[in-house]
Amino acid sequence: MPDRRDFLKLSALAVAATTGMPGFLARAAAQAGGDKTLVVIQLTGGNDGLNTLIPYSNGAYYAARPNIAIPKKDVLTLTPDLGMHPALKPLMGLWDAGHLAWMENVGYPNPNRSHFASMAIWHTADPTQAGADGWIGRVAEKIGDPFCASNLGGTTPLALRADTFSLPSIEGWTPSGSSCRRGWTGPLTPC
């Protein structure tokens, strides 16, 4: 007989198949073992992906960004080709312990190059953009737990909306040691 963790893994796969959870997250949930938790961090509003997860061994990165490229000496090395922005140093312990993974270049078939369409597809996991609720909201609705996920920010994103409820947004919180405009330096504290 499967134990609780096996049941939850299989349930995550079943929910993913019936609710439209993006496949890469469904696979990650299915592979989780022990007391692992899947944390999805969506950086909205001007994050520069190439200066977050840096292809520091690629000369084209430095050639294309002569004024904004992160110097190789400052990059936090993850692999021989990729590293993190130096402001992400608090995450290195998680990386070194095997508790952090990066998923780069996540996309969808036949992209139309519209930022707004892409965001709607990401939030709904529906390439037709016909969905009015989000993929995380649908998962929460299927398992019957409106508190299994939350948003740190004022407005609940579409990904967390469901047909019968919206997952909570926690307004007025920012990482400690920072103002609302500076980078993360530690655990959450009131803004």
Side-chain angles (χ1 to χ4, degrees), residues 2 5-33 36-55 58 60-61 64-65 78 81-82 84-85 88 91 99-174 180 184:
R5 288 188 180 106
D6 289 335
F7 172 77
L8 290 173
K9 283 189 227 177
L10 291 173
S11 296
L13 275 179
V15 167
T18 61
T19 64
M21 176 190 284
F24 73 95
L25 291 177
R27 288 188 295 279
Q31 291 177 10
K36 294 182 180 181
T37 300
L38 177 63
V39 176
V40 177
I41 299 174
Q42 175 186 317
L43 302 174
T44 300
N47 178 60
D48 181 353
L50 286 174
N51 277 353
T52 301
L53 186 60
I54 304 162
N58 188 331
Y61 165 74
R65 299 168 158 246
L78 301 175
D81 298 315
L82 294 172
M84 291 191 302
H85 189 282
L88 297 175
L91 299 179
H99 297 296
L100 174 68
W102 284 94
M103 291 184 220
E104 61 178 324
N105 300 320
V106 176
Y108 57 92
N110 306 311
N112 66 10
R113 302 187 60 80
S114 164
H115 168 76
F116 301 104
S118 295
M119 292 304 294
I121 291 168
W122 160 250
H123 282 274
T124 63
D126 180 1
T128 69
Q129 301 174 51
D133 55 0
W135 68 268
I136 298 172
R138 290 193 304 271
V139 169
E141 205 167 46
K142 279 282 193 190
I143 63 175
D145 184 357
F147 300 105
C148 68
S150 61
N151 172 59
L152 298 179
T155 304
T156 301
L158 176 57
L160 273 64
R161 294 187 188 143
D163 187 42
T164 58
F165 58 79
S166 289
L167 293 152
S169 279
I170 303 167
E171 191 171 4
W173 285 81
T174 187
C180 292
W184 179 64

When rounded to the nearest 0.5 angstrom, what distance separates CG in L158 from CD1 in I121?
11.5 Å

Measure the spacing between OG1 of T164 and CD of E141 and express it to the nearest 0.5 Å.
3.5 Å

Run the side-chain hydrogen bond (donor to acceptor under 3.5 Å, both in side chains) test against S169 and tell me which residues pass, sequence neighbours left out.
N151, T156

Can a donor-acceptor pair be found, under 3.5 Å and without considering hydrogens, that links the side chain of R138 to the backbone of D133?
yes

Close side-chain approach of N51 to R65, heavy-atom, < 4.5 Å
yes

Under the side-chain hydrogen bond (donor to acceptor under 3.5 Å, both in side chains) test, residues paired with D81 that sit two or more places apart
S57

Measure across A125 and W135 and return the closest heavy-atom pair with its distance rounded to 0.1 Å.
CB-CB, 3.8 Å

Short side-chain to backbone donor-acceptor contact, H85 and T52, under 3.5 Å:
no

Let me confirm one number: the CG-CG distance from L50 to D48, rounded to the nearest 0.5 Å.
6.0 Å

Do any N or O atoms from the side chain of W102 and from the backbone of L78 form a donor-acceptor pair under 3.5 angstrom?
no

Hey, what do you get for OG (S118) to CG (N112), rounding to the nearest 0.5 Å?
5.5 Å

Taken to the nearest 0.5 Å, the spacing of I136 CD1 from L167 CG works out to 7.5 Å

Would you name the heavy atoms of C148 and A140 that are closest together and state the gap between them?
SG-CB, 3.5 Å

